[in-house]
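To keep things clear, I will list the structure first and then write my remarks on it.
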Amino acid sequence: MGAITSMGVGSGIDVSGIISQLMQVEQQPLLALQKQEASYDAQLSALGTLQGALTDFQSTLTALSDPTKLQLSTATLANTSVGTATATNSAQQGTHSLIVSQLAQNQVIASADVSSPNNPVGTGSLTISFGSYSDSGGFSANATQQSITVNIDSTNNNLFGLRDAINAAKGGVTASVINDGNGFRLALSSNTSGAVNGMKITATGANGDTGLNAFTYDPASTTNSMSVTQKAQDAQFSLDGINISKPTNTINDVLSGVTLNLTGTNTDATTLTIGTDTTSLVKNVQAMVDGYNSFMSQLSSLTGYDTTTQTAGILNGQYSLNSIKTQLRSVFNKALGGSNAYQSLFDVGVGFDDKGNMTLDQDKLTSSAQSNPQAIATLFASGTSVSKPGSVTVVSTSSTLTKAGTYAINVTSPAKQGTVTSGSGLTFPLTIGADNDFFTAAIDGVQSGTVKLTDGTTYNNGNDLAAAIQTALNNDSAIKAAGVSANVSFANGALQFSSASYGSTSSIQVTTAATGGTSDPAFLSVTNKNTGTDAVATIGGVPATATGNVLVGTGDAAGMIISLAPGSTGDMGSVTYSQGFSYNLNQAISNMVSTKASDNGLFKGVTDSINASITRLQSQESEMQTRLAQVQANYVQQFTAMDTTVGTLKNTSSYLTTQLANLPKISS
C-alpha cells in the first residue's frame with residue numbers, strides 16, 4: 001500500500017491519521033497470514049537443522065559399512081627382522097612357531113665382460129626358457145611361464161640392442177648392462193622368484209654367425225658362456241615344526257587368512273601371534289551410538305512438547321517426522337539373516353534404555369569381536385563368504401540387485417576348453433626340416449601368422465617338442481597382440497593343443513604349412529576346429545548365466561558374479577551374501593533425505609508440503625494486499641470528498657459570520 005499524503009487542509013481534520021488507523025484495522029488479516037508464513041519459514045529452517053543432524057548420524061556409519069575397515073584380526077611376528085604378517089577376519093587366533101632357513105630369490109645370470117657395449121654381439125635369435133634345475137643338471141620347463149625369443153639383426157647388433165630387445169619382449173625377465181670396472185656385462189634377472197623360475201638360454205645364429213653363443217646358459221653344460229650370480233630358490237621355513245617350501249617370500253596359502261612377508265632368516269624360533277584389535281571397532285560403534293542419541297535428542301526437541309515449560313517444538317504437528325524413529329528402530333530390531341553367528345546388534349552389546357537412548361556395552365562388544373571377528377564384520381558391513389574357499393570365488397555383488405541370503409552353487413557340467421589332438425604315433429628323435437617347420441593356428445578366433453620352428457633342431461621326446469611348439473605359437477605377434485594363448489602338451493603319443501581360455505568362445509584350430517617332402521612325419525595333421533563349452537550351473541537353485549567358468553546370478557542372486565575353479569562340477573558349496581546393519585541404516589537414511597521424486601523421501605515430502613503452504617499464503621497475501629490498496633484508495637476518496645465538503649461549509653460559515661457581524665445593530 002502506498003503512503004497516505006497529508007490531508008485535511010480544508011477542514012482541519014487529521015484525515016491522514018484517521019485513514020492510517022482504519023488501515024491498521026484492515027491489515028490485521030494480512031498480518032496474521034504473514035505471521036503464519038514466518039512460522040513456516042522457521043519450520044523449513046528447523047527441518048534443515050534436523051536433516052543435518054540425521055546426516056551427521058549417517059556419517060558415523062561410514063567406518064562400519066566398509067568391510068575392509070573392519071579387519072579386526074592382527075598378525076605379528078616377535079622377531080621383526082624375519083618379516084611381517086597380516087591377517088583377515090577369517091584367521092584363527094593362536095600362536096605359532098616360525099623358523100626361516102632360506103628366503104626365496106630370483107635367478108640372475110651374467111655374461112662375461114665385453115670391452116665395449118657398442119661392439120657387435122652377433123645376429124640370430126636368443127631364446128630364454130624358464131624352469132627348474134635337477135641335481136644332475138637337467139632342466140624341467142615351467143609350464144606356467146612361457147619362453148621368449150628375441151631377434152638380433154643389423155639394427156640392434158650390440159649389447160644395448162640385445163638388452164632392449166629382451167626388455168621389449170616383456171616375457172618375465174629384465175636385462176641390464178653393467179659396467180663392472182673391467183668391461184661391460186649383460187645381466188638377466190628373472191622377474192619371479194622360486195626354483196621353478198631358473199633360466200635356460202639357447203642361441204640360433206643367422207647364416208653361421210655364432211656370436212650369440214656368448215649369451216647362452218644350459219645347466220647341463222660345463223662350458224657355459226654365462227654364469228649364475230644369484231640362483232633361483234624357494235623360501236624354506238618350518239611352521240610349528242612342519243617343513244615348508246614356497247617359491248615366493250609372500251605366503252598366503254599356509255595359514256588360512258594369514259599372509260607372511262618374509263624378509264630374513266633365523267635360527268631361534270620366533271612367535272607368530274594371531275589376535276584381534278578391537279580399539280577402532282569400539283570407537284566407531286560408540287560414535288554411532290552417540291550420533292544416534294544426538295539426532296534423537298534433536299528430533300525430540302523440534303517435534304515434541306515440553307510439559308514443564310508448556311511449549312511445543314517448532315516442528316510439532318509435522319506428524320510424518322515421527323516415523324523416523326520407527327524406521328530406524330525397525331532396522332535395529334530386524335535379524336541379519338543367513339548363518340552369521342551374530343544376528344542382531346543386541347548380540348554384541350548395542351541396546352536401548354527405558355528412555356529410548358541407545359547404549360553400548362563395550363566389554364560385550366570387545367568380547368564378541370575377539371570371539372568371532374568375521375561375524376562382527378558381517379554383522380555391520382555388507383559382505384560375502386564361501387563355504388568352499390578355492391572352489392568358488394565371488395567376483396562382485398550388487399547392493400541394489402543382490403538380495404541377502406545363502407546361495408548353493410551346483411555345477412551340472414564344467415566349462416571346457418577348445419582342444420584338438422594332432423600327430424598320433426609320433427616317433428623320436430624328430431628333426432625339424434624344410435618340410436615340417438611351418439604351421440598356423442587360430443586361437444579363440446584369432447588367426448596367427450605363419451609360425452616357424454627352428455630348422456635342424458632335433459627333439460628326443462614329445463615334451464620338448466610340445467614346449468617348443470607352445471613357445472613358438474604364443475610368441476606369434478598376432479596371438480600376443482590379442483592376448484590369447486594356447487597350451488601344448490604331449491600325451492598318449494600325440495600332441496594336445498588347447499586354448500588357455502574356457503567356454504563357448506574358447507576354440508583352437510591347427511593347420512600345417514609344410515613345404516613338401518615325404519620322409520618326415522606329418523606331426524601336425526589336424527585341420528578341424530574344436531570349440532569349448534560354458535559351464536552349466538545354478539546359483540541358489542536358479543539357472544545362472546555362464547561364460548566359461550564365470551557365472552552371473554539371476555533372480556534373488558541378480559548382480560552376483562562368481563568364478564569357478566577350472567574343472568568344477570557337482571556341489572561347489574555355497575555363497576552367503578549379507579547386507580549388514582550399517583548398510584541397511586545408511587540406506588534407510590539415504591531414502592529419507594533423498595530429493596528424488598521416485599524415492600518418496602520423507603524430508604522432501606515435508607519440505608514440499610511446507611513450501612506448498614507458503615505458496616498458498618503468499619498468494620492470499622498478494623490478493624489481500626491488492627484489496628487493501630483498493631480499500632485505502634476508497635478511504636482516501638471518501639475522506640477527500642468529506643474534507644472538501646467540510647472545508648466548503650467552513651468557508652460558508654465564516655462568510656456568514658462576517659456578514660452578520662457587519663449588519664446594522666438594531667437598537668432596542
Short N-O contact, Lys416 and Asp534, less than 4.0 angstrom: no
Ala381 versus Ser65, closest heavy-atom pair with distance: CB-O, 3.3 Å
Donor-acceptor contact present, side-chain Asn167 to main-chain Asp164, <3.5 Å: no
Test item: Asn475 and Lys480 side chains (from C-beta on) under 4.5 Å apart, heavy atoms: yes
Derivation of the side-chain contact (heavy atoms from CB on, under 4.5 Å) call for Tyr502 and Leu564: CA-CA 11 Å; Tyr502 286 79; Leu564 301 171; over 6 Å; no
Validation row: Thr84, Thr263 side chains within 4.5 angstrom (heavy atoms): no
Check against side-chain contact (heavy atoms from CB on, under 4.5 Å), Phe237 and Asn243: CA-CA 6 Å; Phe237 59 97; Asn243 292 327; over 6 Å; no
pair Leu188-Met226: side-chain heavy atoms closer than 4.5 Å: yes
Any side-chain donor near an acceptor of the partner, Thr402 and Thr397, under 3.5 Å: no
Any donor-acceptor N/O pair, Thr431 side chain to Thr458 backbone, under 3.5 Å: no
Output side-chain donor-acceptor pairs under 3.5 Å for residues 120-127, partner residues at least two apart or in another chain, one line each.
unit_1	atom_1	unit_2	atom_2	d
Thr123	OG1	Asp209	OD2	3.2
Thr127	OG1	Thr149	OG1	2.9

Main-chain N/O of Ala442 paired with Ser448 side-chain donor or acceptor, under 3.5 Å: no
Main-chain N/O of Asn89 paired to Gln71 side chain as donor or acceptor, under 3.5 Å: yes
Sidechain-backbone polar pair: Ser221 side chain, Asp218 backbone, donor-acceptor under 3.5 Å: no
Residues Asn158 and Asn119: side-chain donor-acceptor under 3.5 angstrom: no
Check: Ser413 main-chain N/O paired with Thr569 side-chain donor or acceptor under 3.5 Å: no
Spacing of Phe130 atom CZ and Gln146 atom CD [to the nearest 0.5 Å]: 10.5 Å
Non-neighbouring partners of Asp556 that pass salt bridge (Lys or Arg N to Asp or Glu O under 4.0 Å), sequence neighbours left out: Lys403
Leu212 and Thr216, any side-chain heavy atoms less than 4.5 Å apart: no
Enumerate donor-acceptor pairs with a distance under 3.5 Å from any side-chain N or O in residues 104-112 to protein atoms, sequence neighbours excluded.
unit_1	atom_1	unit_2	atom_2	d
Gln105	NE2	Lys231	O	2.9
Asn106	OD1	Gln230	NE2	3.1
Asn106	ND2	Ser189	OG	2.7
Asn106	ND2	Ser190	O	2.7
Gln107	OE1	Tyr133	OH	3.4
Gln107	OE1	Met199	N	2.6
Gln107	NE2	Tyr133	OH	3.0
Ser111	OG	Leu186	N	2.8

Flag side-chain contact, heavy atom, 4.5 Å: Pro414 against Ser568: no
Backbone of Ala544 reached by a side-chain donor or acceptor of Thr538 within 3.5 Å: no
Separation between CD of Gln374 and CG of Leu70, rounded to the nearest 0.5 Å: 10.0 Å
Steps toward side-chain contact (heavy atoms from CB on, under 4.5 Å) verdict (Leu255, His96): CA-CA 10 Å; Leu255 282 174; His96 305 272; 3.8 Å; yes
Between CD on residue Gln102 and CG on residue Leu262, distance to nearest 0.5 Å: 11.5 Å
Expected output: side-chain Thr471 to main-chain Ala468 donor-acceptor under 3.5 Å: no
Contact check, side chains of Phe139 and Ser134, non-hydrogen atoms, under 4.5 Å: no
Evaluation steps, side chain to side chain donor-acceptor pair (under 3.5 Å), between Thr576 and Thr406: CA-CA 4 Å; Thr576 298; Thr406 298; 3.0 Å; yes
Contact summary for Ala214 and Ser225, nearest pair of heavy atoms: O-CB, 3.2 Å
Test item: Leu260 and Leu272 side chains (from C-beta on) under 4.5 Å apart, heavy atoms: yes
Nearest non-hydrogen partners of Asp234 and Gly194, listed with the distance: OD1-CA, 3.3 Å
Output field: ring centroids Phe428/Phe490 closer than 6.0 Å: yes
Exercise: identify the closest heavy-atom pair between Ser499 and Ile508: N-CD1, 4.2 Å
Side-chain donor-acceptor pair present, Thr192, Asn197, cut-off under 3.5 Å: no
Nearest heavy-atom neighbours spanning Ile251 and Val254: CG2-CG2, 3.4 Å
CD (Gln447) with more than 12 external heavy atoms under 6.0 Å: yes
Least distance between heavy atoms, Gln417 atom then Asn487 atom: NE2-ND2, 4.0 Å
Gap separating the CG atom of Leu159 from the OG atom of Ser115, nearest 0.5 angstrom: 10.0 Å
Donor-acceptor contact below 3.5 Å, side chain Asn461 vs main chain Asp464: yes
Contact check, side chains of Leu473 and Ile443, non-hydrogen atoms, under 4.5 Å: yes
Ile409 vs Ile539, side-chain contact (heavy atoms from CB on, under 4.5 Å): CA-CA, chis, key distance, verdict: CA-CA 5 Å; Ile409 311 299; Ile539 300 178; 3.8 Å; yes
Asn261/Thr250 under side chain to side chain donor-acceptor pair (under 3.5 Å): CA gap, chis, key distance, verdict: CA-CA 5 Å; Asn261 296 287; Thr250 300; 3.2 Å; yes
Short side-chain to backbone donor-acceptor contact, Ser506 and Gly418, under 3.5 Å: yes
Test log, rule side chain to side chain donor-acceptor pair (under 3.5 Å), inputs Ser485 and Asn474: CA-CA 6 Å; Ser485 63; Asn474 290 334; 4.8 Å; no
Value rounded to 0.5 Å, distance of CZ in Phe184 from CG in Asp113: 9.5 Å
Distance in Å, Tyr577 OH paired with Thr378 OG1, rounded so as to fall on 0.5 Å steps: 11.5 Å
Pair Thr421, Gln496: side-chain N/O donor-acceptor within cut-off below 3.5 Å: yes
